[in-house]
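Keep in mind it's a predicted model, so treat the numbers as computed, not measured. What you see below is based on every heavy atom in this structure, not just the backbone, and it leaves out hydrogens, waters and symmetry mates. Just so it is clear: chains get the letters A, B, ... in the order the sequence lines come, proteins before strands, and each one is counted from 1.
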2 protein chains.
Amino acid sequence: MAARSTPNPIPSVWTRQRREPGQPALSREAIVREAVAMLDAEGVEALSMRKLGARLNAGATSLYRHVATKDELMELAVDEVAAEVRVPDGPDPDWRAAATEAAQSFRATVLRHPWMSSVMGQAGLVYLGPNLMSFSERLAALFTGAGFREPDQAISTLLAYVLGMSTTEAAWLTTVARSGRSETEFVTLLMPAARQAAAGHDHLAAAYTEAGTAPRDPARDRDAKFGYGLDVVLDGLAARLGHRSPEH
Amino acid sequence: MAARSTPNPIPSVWTRQRREPGQPALSREAIVREAVAMLDAEGVEALSMRKLGARLNAGATSLYRHVATKDELMELAVDEVAAEVRVPDGPDPDWRAAATEAAQSFRATVLRHPWMSSVMGQAGLVYLGPNLMSFSERLAALFTGAGFREPDQAISTLLAYVLGMSTTEAAWLTTVARSGRSETEFVTLLMPAARQAAAGHDHLAAAYTEAGTAPRDPARDRDAKFGYGLDVVLDGLAARLGHRSPEH
DNA sequence: CCGGTCTGCGTACAGTGTTCGCAACGAACG
DNA sequence: CGTTCGTTGCGAACACTGTACGCAGACCGG
């Protein structure tokens, strides 16, 4: 390692500074790719320009030749992973199935890269990235093709739901991961505190005692919960589709 | 200012270190309150323990007597502002109106404190804070009172939508604020870039040319968009309410 | 061969969150 | 009254952070 980063021990010597020919050099794409890898592996707060540079056999400040600032790098990273979201393209005879698939794929992507939601909640004009653009475009094609009169309002509704749910899940999963324990383990470990916090609140306490101590599969529960809400939203959207809404 | 922070010029003298009697000393509540004020005024990245300490006429490290870590302080801040969300309590004859009010109030709170969403997207067990707990409790009362069979699924759906929409709005408003310009100004200034990004994507480009250059009121548009989605979600929920869903 | 542009990087700066040990205090107790 | 003792504030220090700047070497067109 550190092949290209040796600081030229005697200044101005032979073997000056040969970039090994196979090495792909430093490029914006390589930087973003490696950043995503680091974010996935170690989380948001673990990514620093210095560490990222080191992983690319480069100095920290070298990155700034290809990326204006760390925030910009984050936006690039988000757009990079946004390419993973799969949306059936073109108008689909079964718009509802297509929307469901898009939503599920979006959620899966966020859960694969939990740092996405914190970045999107914080910064800027991520939405103009090429991949997010073509994502929006495909959704627009789908919803206009389905016959919606206000496609972007419908799309915003769906996306807001999916983003909200996925963000919550991602935050939860991050906390679980930080604890080092499994999800079920973490849940049972958290129960006493949760019960105590719910003390005095009748409905919450009732929900806890009703759930009992049966372990249940948390991942499956989350899937079900997401599916429920998704159906709710799609039902509401479908209702906007059939008939011209007469009043107002 | 800096009354209590003068470092006792000659060690061990008279006038030792008198805490001025009116001064409310340093307490967890005072810290959290001041943190919220700073977050509202200058945003997330402007809040540092040193600056916060200075604003309380205290050293940075003094805060750690009342707060374990900055993350914990953030959770406390979120729970603090969560108290502002108003939910009609008790079962309501018109659950839909009550839910609407709760949703609107939640959105308003997030827009008043745009840093909320970034914090919630990042960290921990905010949901156990007392204010968020009683928020959940009131929602639970509302939805069980309305007759929902899976109240928490319904609540999660609604909250996910509201959170997703508000988060997006908050991020947008933060970017606008950072630009120093008004929202309409920022929009028109951003148009060219947006158009260019939409080039090649038929539906998006169409939406842009259709919208033309008419300024429109962005805040009103956001209100309308939120209302649309909220109605969609509530429609979907209402459908779960009336009849036992026969199949499945 | 020679100029100019581009790319990498060492250094440096102004900050960050947090630990540690010391000093000063208010209250409890003899 | 004097003496402890737990609590609270804090200065200094540590390990890092993002980034500006200017130099040096690499590449490329003339």
Within residues 39-53 of chain A, residues whose heavy atoms come under 4.0 Å of DNA chain C
A:R50

List the atom pairs, with distances to 0.1 Å, where a side-chain N or O of residues 116-125 of chain B and a protein N or O form a donor-acceptor pair under 3.5 Å, not counting sequence neighbours.
| from | atom 1 | to | atom 2 | distance (Å) |
| --- | --- | --- | --- | --- |
| B:S117 | OG | B:P114 | O | 3.2 |
| B:S118 | OG | B:W115 | O | 3.0 |

Grab the CE-C1' distance between B:M74 and C:dT16 for me, whole Å please.
13 Å

Going by the angle between their ring planes, with limits at 30° and 60°, are A:F226 and A:Y161 parallel, tilted or perpendicular?
parallel

Sub-3.5 Å pairs of nitrogen or oxygen atoms, protein against nucleotides 5-7 of chain D:
none

Near DNA chain D, under 4.0 Å by heavy atom, which residues of residues 60-73 of chain B?
B:T61, B:S62, B:R65, B:H66

Under a 4.0 Å N-O cut-off, is there an ion pair linking A:R28 with A:E72?
yes

Heavy-atom side-chain contact between A:S136 and A:I155 under 4.5 Å
no

Is any side-chain N of the basic residue among B:E80 and B:R33 closer than 4.0 Å to the acidic one's carboxylate O?
no

Please determine whether the number of non-hydrogen atoms from other residues, nucleotides or ligands lying under 6.0 Å from atom CD of A:E45 exceeds 12.
yes

Hey, could you give me each pair passing salt bridge (charged side-chain N to carboxylate O under 4.0 Å, His left out) that has a residue in residues 161-172 of chain B? Not counting sequence neighbours.
B:R107-B:E169, B:E169-B:R222

Taken in chain and number order and not counting sequence neighbours, the residues that satisfy side chain to side chain donor-acceptor pair (under 3.5 Å) with A:R50 are none

Working to the nearest 0.5 Å, report the span between CE of A:M74 and CG of A:D79.
14.5 Å

Strictly below 4.0 Å, N to O, side chains only: are A:D40 and A:R112 in salt-bridge contact?
no

Mind calculating the distance between CD1 (B:I31) and P (D:dT8) to the nearest angstrom?
11 Å

